[in-house]
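To keep things clear, I will list the structure first and then write my remarks on it.
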Amino acid sequence: MSESENVGADVPPYRYTAATANEIEPRWQAYWAEHGTFRAPNPAGDLADPEHPRAGAPKLHVQDMFPYPSGSGLHVGHPLGYIGTDSYTRYKRMTGFNVLHPMGFDAFGLPAEQYAVQTGTHPRTTTEANVERYRQQLRRLGLAYDDRRTFSTTDPDYYRWTQWIFLQVFNSWFDRARRQARPIDELIAEFEAGTRPVPGGRVWSELSAVERRQVIDGYRLAYVSEAPVNWCPGLGTVLANEEVTPDGRSERGNFPVFQRSLKQWMMRITEYGDRLVDDLDALDWPEPVKLMQRNWIGRSRGAHVGFPLDGDDVVEVFTTRPDTLFGATYMVLAPEHDLVSTIVPAEWPAGVKDAWTGGHDTPEAAVAAYRAQAAAKTEEERTADAKVKTGVFTGAYATNPVNGARVPIFIADYVLAGYGTGAIMAVPGHDERDWDFAQTFDLPIVRTISTPEGHEGVWTGDGVAVNSEFLDGKNVVDAKAAMISWLEERGHGKGATTYRLRDWLFSRQRYWGEPFPIVYDETGLPIALPESMLPVELPDVDDFSPRTFDPDDADSEPETPLSRKKDWVEVVLDLGDGPRTYTRETNTMPQWAGSCWYELRYLDPRNDKRLVDPENEAYWMGPRGEGDPGGVDLYVGGVEHAVLHLLYARFWHKVLFDLGHVSSFEPFRKLYNQGYIQAYAFRDARGFAVPADEVVERDGKWFHGDDEVTREYGKMGKSLKNVVTPDEMAERYGADTFRVYEMAMGPLDVSRPWDTRAVVGSQRFLQRAWRLVVDEETGANRVTDEPLDPKTRRVLHRVIDGVRGDMEELRFNTAIAKLIELTNTLTPRSTVSREAVEPLVLMMSPFAPHVAEELWGKLGHEGSLAYADFPVADPAQLVAESVTYPVQVNGKVRGRVEVAPDTAEDAVRAAALEAVAETLGGREPRKVIVVKGKLVSVVV
RNA sequence: GGGGAUGUGGCGGAAUGGCAGACGCGCACGGUUCAGGUCCGUGUGUCCGAAAGGACGUGGGGGUUCAACUCCCCCCAUCCCCA
C-alpha cells in the first residue's frame, strides 16, 4: 500500500497519525494482556478473585454470536457487532459493573472438511490456523475479552461437554403432564412400579430386556428414528430441510435430493413447542425475531374431526377452523392416503358429474391414473399456488358429523400425505385453495362466516358465524371453542394443537463434527457411554469425505467417513457386564451442536468436573426474580440466526434447566441484531468484477482506468473484489480510527455501505482530541488546571449527560457526534482545561481505547483507565442559562424570545405575543399554546 | 401469495408530536504553504433574491392536530423471512 496520508514533508512531529496509532496500539494491547486487565472475576472456582476491583459488583454478561473462522479471515463488516459490544462493555465496566465479555470460535463445519478433502490437510490443521488468524485480527482491534475464557468448539475439552449434554438429552424423557424433561430412570421406575401404563397395554415385568429397551428408547428426547429425511446421493449425506432449495436440490452443489426413510438421530424438540412459544413473552428480543420463531414453530389450535364413511371407517381430519364445519361440503384425501384404496367403489355412483371422473370409466381407473400423475411431482410443485387445481372423485361419500350431509371424497395433490392426517375437510367459502378446487369441480359453496356487503368470492377474513345453527352470531374464537366442546361431547372429535415444527434431525454423514457418545450392541439398540469415557475423541482418518453416489441414485445408502475406520468402529468395552464388543455410532453431530450451549461454558471454561459450576451460572445468568428468564444480558448477532441457532440453543437450555443443571430457563435474555456493512462492487462491460478500490467516479459515472463500469450494492466478497479488511484499516489509520468510524457511521442495527473515503473524518476527530493534550510541535503537555468558563462547562455537562444516555441505549453514533461537538468546542481555545479534557478522554475510551489510555497517561495517571469512573453530569449544569422560545404564528416561526429558564408561562406568553406583534398586525390570537422549554404557538 | 422492515440533502445519517437536516464525508471559498497535501476558518436542502427576506421541502395521496419525518388510512419502491 502506498498510502501517503502522513508522508507530507511538514507534518508536525507530535501529531496523532497512523504511525502514532501503530506505535501506541500494540503497546497497550500488550499492557492489557500482561496485566489481565479485562479478566472478570467469578464468584467461585479457579477464576474467582476477591481482590479484583469488580469482585462482588453487579454483573453484566454480554456476548457476541461467535464466528466460524473461515479461511479468508475477517473483513470490515465482521467486527461491527464486536466493536459495538466492546464499546458498550468498556462503558459499563467504567460505571461499576463486573463485565463478562468473552469470545470463542465455532470451528466444526463443512468448509474445513471440504478443504481437507481437496488438499488432504487435516481439518484440525486448517481450523487451528484460521482460529489463530482470527485471534490476531481481533486482538489488533483492541477488543477487551477475558483471555482466559476462550475456546473452540473443536477442542476435546469443549466437545466433551457437548457430548455430555447429548447424554443428558438421551437419558431423559418429556413428561407431558409436568411439561418438562425428567431423567429416564424415573420413567423406568414408574413402569416398574406399575404407576405408568406400558404402551401396548403390556406388563413391564413380562417384557424381555430388549423389549424394555425398545419401549424406553421410544421415550428418549434423543432417539434413533427410521424417518423420512432429505437424502442427497451426490453429496453422500443427509441434509436438513433448510439445506434444501425450494426446487428440491441441495443448496451446496445443486444435486437432486430425495425423500428417503433412513435411520437417523432425532431430537424431540417438538415436545418443547409450547414452551418455546410461550417463553418468548419473557424475552427482550426484537419483535420480528419473536415472530419468526412463532411462525417457525407454527402452533395452531384446532380439532381432529371424524367424518364417518358408509362402512365402519372414519376419515380423520385436522382443521384449524372447526368453526367452519357447517361449510365443509366435500373432502380431499392425499393421493397416497391409506384409505383411498379401501373406499373406492366398483362403479361411479348415479348422477356423477363428468368433471369429477377425469374421463375414466371406473373410480379405480381414475384414482390409479391420478396417483401416478401426482407421484411424478415434487412436494414443492404440489404446494405451489397453482391457479388450476387438479383432482379426481373417488366415488365415495362421507358424512359431515355436524349436519349429516353426504359429502363427496376427492383425491387431489394439494393435500400432502406427510402433513397432518393427509386428509382435509374442504370449506370452499373460506379457504382459497378449496374455493379454487370447488370452482373447477362445480362443488357447492356454503358461507359460514359473515362476509362484507357486496363481497364476491372467497372470504378468509374475520366475521361472525352464519348458517351454522348453534354457532350463529359467535366470533371466530368463541365459535371454535363451542364447536370443539360440541364435537367432544358427541365423540366426533377432539380439540388439539399442532405444530409446524418437526423433530430435529441431529446426525450428519460427515467427518468434521462431534462423534456421538453412543455404541450399539448385537441388538442394534443404542447404548450411552458412561460419563467417564468422555470425550469420545474424533479419530484420524485417511479419507475425510462421505462416499458419494450417482446424484440420481435414490436407493444408495449413506457411508460415513468414520464407518471406514474399522478399528475405531469395533470396540471392546466394559460397560458394567464385562468386556464385550460394541459398534460405535459413525455419524457426527450437526454444526449447530457446539453453538447450542457455548454461552454457558464461558462462565466456567476450565471446569473439568461440571459443565458449569452452579454458583457461577447463577451469578452470571441466573433469573433476577419471579418470572425472569435469566440468561445472557445482551446477545448481539446477525438476524440470519433468528430461527435455527436461537431455537436449538433455547431447546437445549430448557432441557438443562429441567434437569437442574442451570437456573435460567432461557439462554439469552436480551437479543440485539446488528446490521450489516455492505459494499459497492463494480463490473466491467463483460460482467467481470474489477477491484473496487481502483474505481473512480467522474460526473456521476464510474470508471476503471478508461473503461466505464457498472455499480452494484451488496455483500463484501472475494469474487466481487470489494473486500476491505480491518488489518488494512488498522495499518492506514489505526484501529482506534477504524473503531470510531464503524461506530459513528450509523445506528448499530441498521445496514449501511462501507466508504473508505469517509474514515478520515474519524481520524481527524482523534487528531483534534490528541492536539488538545499534546503540542504537535514540541510534544509538551498543553493541559492546564485552570477552571472552565461557565459556558463551556455547561456544554461539557450536557455532553456527559447525552453520552451516558446514548451509551445505555447502544446509540453509539450520536454519542460520538456529541464527543466531536465537545472536542470542536474546546479546539479553538488557547488554553486547555483539565476539567474538560479528562472527562473527554474517559468518554472517548470505549470507542478509541488505545489513544484514550495514552492520553490518560499523559494527563498524569498511572496504569489503565479501564476501571476509572465514567464522568457524571452535574444536574445544576444542565439547566440552561436562558431559553430561546421560537414563536410560531399559524405553524410558521415568526419570531423568538429569550427568557430565563424559570420564567412563568404567562410571562413567556406575553413576551411571545410582543415578539410577533408585527406579524399579528392587530389580529386577536384565537389561541396561544406555550410548551414549556420548547416553543410558543399562536393561532389567529 | 402471506408476514416483517425500511424510505429524510450529492453520500452515511440526526431529530419519535414542538425551530427538519446534529455529527461526519464530499464540495466551494479563505488562511497557512514555493506548490500539492495537511491543518485552521467560513459556507453548503431546493427555488426566487445582490442582500434582507420569502416560498417550497422528510417516497406519493389523504386524515387527525395549534403543530406531523414522527400518529392513523390508502398507494408505490427496496430489502428480509416464510410459502
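Note on naming: letters A, B, ... go to the chains in the order of the sequence lines (proteins, then strands), and numbering restarts at 1 for each one.
Taking each heavy atom of S250(A) and L239(A) in turn, the nearest pair found is CB-CD1, 3.7 Å.
For the pair K932(A) NZ and G18(B) C1', the computed distance is 15 Å after rounding to whole Å. Whole-Å rounding puts the R926(A) CZ to U65(B) P distance at 12 Å. Straight-line distance from the CD atom of Q767(A) to the P atom of G24(B): 14 Å, rounded to whole Å. Between the CD atom of E776(A) and the C1' atom of U38(B) there is a distance of 10 Å, given to the nearest Å. When rounded to the nearest whole Å, the span between CD of E898(A) and C1' of C19(B) equals 15 Å. Rounded to an integer number of Å, the gap from R894(A) CZ to G54(B) P is 6 Å. A straight line from CZ of F765(A) to C1' of C25(B) spans 16 Å, rounded to a whole angstrom. Rounded to whole Å, atom C1' of C19(B) lies 7 Å from atom CD of Q888(A).
Of the P atoms belonging to C19(B) and C71(B), the separation is 16 Å, rounded to the nearest Å. On the P atoms, C34(B) is 43 Å away from A14(B), given to the nearest whole Å. A distance of about 15 Å separates the P atoms of U64(B) and U70(B), rounded to the whole Å. Across A68(B) and G21(B), the matching P atoms stand 16 Å from one another, rounded to whole Å. A20(B) sits 12 Å from U58(B) when the P atoms are compared, rounded to a whole Å. For the C1' atom pair drawn from G9(B) and G4(B), the interatomic distance equals 29 Å after rounding to whole Å. Rounded to whole Å, the separation between the P atoms of A22(B) and U8(B) comes to 16 Å. To the nearest whole angstrom, the two C1' atoms, one in U44(B) and one in G1(B), are 48 Å apart.
A donor N or O paired with an acceptor N or O is found under 3.5 Å between the base of C19(B) and the side-chain atoms of R896(A).
The glycosidic torsion of G9(B) lies within 90° of 0, which places this base in the syn conformation.
The salt bridge (charged side-chain N to carboxylate O under 4.0 Å, His left out) search around K715(A) returns none, not counting sequence neighbours. Every residue was checked against the ring pair (Phe, Tyr, Trp, His ring centres under 6.0 Å) condition with Y672(A), not counting sequence neighbours, and none meets it. Checked against ring pair (Phe, Tyr, Trp, His ring centres under 6.0 Å), H797(A) has no partners two or more places apart in sequence or in another chain. Partners of F651(A) under the ring pair (Phe, Tyr, Trp, His ring centres under 6.0 Å) rule, at least two apart in sequence or in another chain, are Y272(A).
Across all strands shown, I929(A) has heavy atoms under 4.0 Å from base atoms, whether or not it also approaches the sugar-phosphate. Contacts of R768(A) with the nucleic acid, taken as non-hydrogen atoms under 4.0 Å apart, involve only primed sugar atoms and P, OP1 or OP2. Across all strands, R811(A) comes closer than 4.0 Å to no nucleic acid atom at all (heavy-atom distances). Counting non-hydrogen atoms under 4.0 angstrom, A817(A) reaches a base of the nucleic acid.
Neither side chain, Y16(A) nor Q763(A), offers a donor N or O lying under 3.5 Å from an acceptor on the other.
The cationic atom of R650(A) (NZ for Lys, CZ for Arg) lies less than 6.0 Å from the six-membered ring centre of W285(A) and within 45° of the ring axis.
The nucleotide U58(B) finds no pairing partner, because no Watson-Crick or G-U wobble arrangement with both distances shorter than 3.5 Å includes it. The nucleotide A28(B) finds its pairing partner in U42(B), both defining distances of the Watson-Crick or G-U wobble pair being shorter than 3.5 Å. Base pairing annotation: U6(B) forms a Watson-Crick or G-U wobble pair with A77(B), both donor-acceptor distances under 3.5 Å. Look at U16(B): it lacks any Watson-Crick or wobble partner with both distances under 3.5 angstrom. Pair check for G1(B) finds C82(B); Watson-Crick or G-U wobble, both atom distances under 3.5 Å.
For the pair R764(A) and C25(B), the criterion of a side-chain N or O lying under 4.0 Å from OP1 or OP2 is met. Between R771(A) and C40(B) there is a side-chain polar atom (N or O) within less than 4.0 angstrom of OP1 or OP2.
Of the candidates A83(B), C39(B), C66(B), A83(B) carries the atom nearest the R500(A) side chain, counting heavy atoms from C-beta on. Of all nucleotides listed (U38(B), G24(B), A14(B)), U38(B) comes nearest to the side chain of R15(A). Nearest to the side chain of M292(A), among C23(B), C81(B), A15(B), sits C81(B). Nearest to the side chain of L935(A), among C19(B), G24(B), C66(B), sits C19(B).
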Each nucleotide N or O in nucleotides 3-13 of chain B that has a protein N or O under 3.5 Å away: list the pair and distance.
from	atom 1	to	atom 2	distance (Å)
G12(B)	O2'	M745(A)	O	2.6

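No more than 12 heavy atoms of other residues, nucleotides or ligands shown are found within 6.0 angstrom of CD on E914(A).
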Practice task
Show the numbers, then the answer: is there a salt bridge (charged side-chain N to carboxylate O under 4.0 Å, His left out) between R294(A) and D281(A)?
Solution key: CA-CA 11 Å; R294(A) 285 195 192 97; D281(A) 295 338; 3.4 Å; yes
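The nearest heavy atom of RNA chain B to T827(A) and to G761(A) marks one nucleotide each, and the one closer to the 5' end goes with G761(A).
Listed by first and then second residue, the side chain to side chain donor-acceptor pair (under 3.5 Å) pairs involving residues 904-913 of chain A amount to none (not counting sequence neighbours).
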